[in-house]
Amino acid sequence: GAKGGGVQVQPRLRRRKQGEGGKQALGGKPVDPDEEVDQDPIVVNASLLREYFNLPLADAAHKLGICATAIKKVCRKMGISKWPYKTIKPIERRIQYLREKLAGKEAAQGAAL
């Protein structure tokens, strides 16, 4: 099942930089469409994804070497309906704010004694 093992995802093809090649290649076509992808599939599981929850989806996809759509599909198979970055970031900011506030109170109490 998807919970225990993971889901295999093919790595992204290396693409031309914008402007390289002919007029048809401006969007960044694969370097050689007949070329086999020589990389092994990436096995994406919940613990691997969890390491990237603190990043925006596009950044996580880039670091994993797979497209954002592939990550979304894997997440849906694992029961994650939405990439959690936008949910986690405000909570982390709130925790940081409260820690700073608490540290300020502790410093004020220490100075008062």
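Since we're looking at a predicted model, the values are computed, not measured.
- For the atom pair CZ (R99) and CD (E106), the distance works out to 12.0 Å, reported to the nearest 0.5 Å.
- Between L57 and I71 the shortest side-chain heavy-atom distance falls below 4.5 Å.
- Considering every non-hydrogen atom in both C67 and A61, the closest pair reads C-CB, 3.9 Å.
- In this structure, E92 CD and Y85 OH are separated by 8.5 Å, a value rounded to the nearest 0.5 Å.
- Summarising the geometry, atom CG belonging to L102 is positioned 8.0 Å from atom NZ belonging to K105; distances are rounded to the nearest 0.5 Å.
- At least one donor-acceptor pair under 3.5 Å links the side chain of W83 to the backbone N or O of L55.
- A side-chain contact (heavy atoms from CB on, under 4.5 Å) with V74 holds for exactly one of I80, I66, T69, L49; it is L49.
- No hydrogens or angles considered: a donor-acceptor pair under 3.5 Å links the side chains of E100 and Q96.
- Contact record, L48 with V44: CD2-CA, 3.9 Å, taken as the closest heavy-atom pair.
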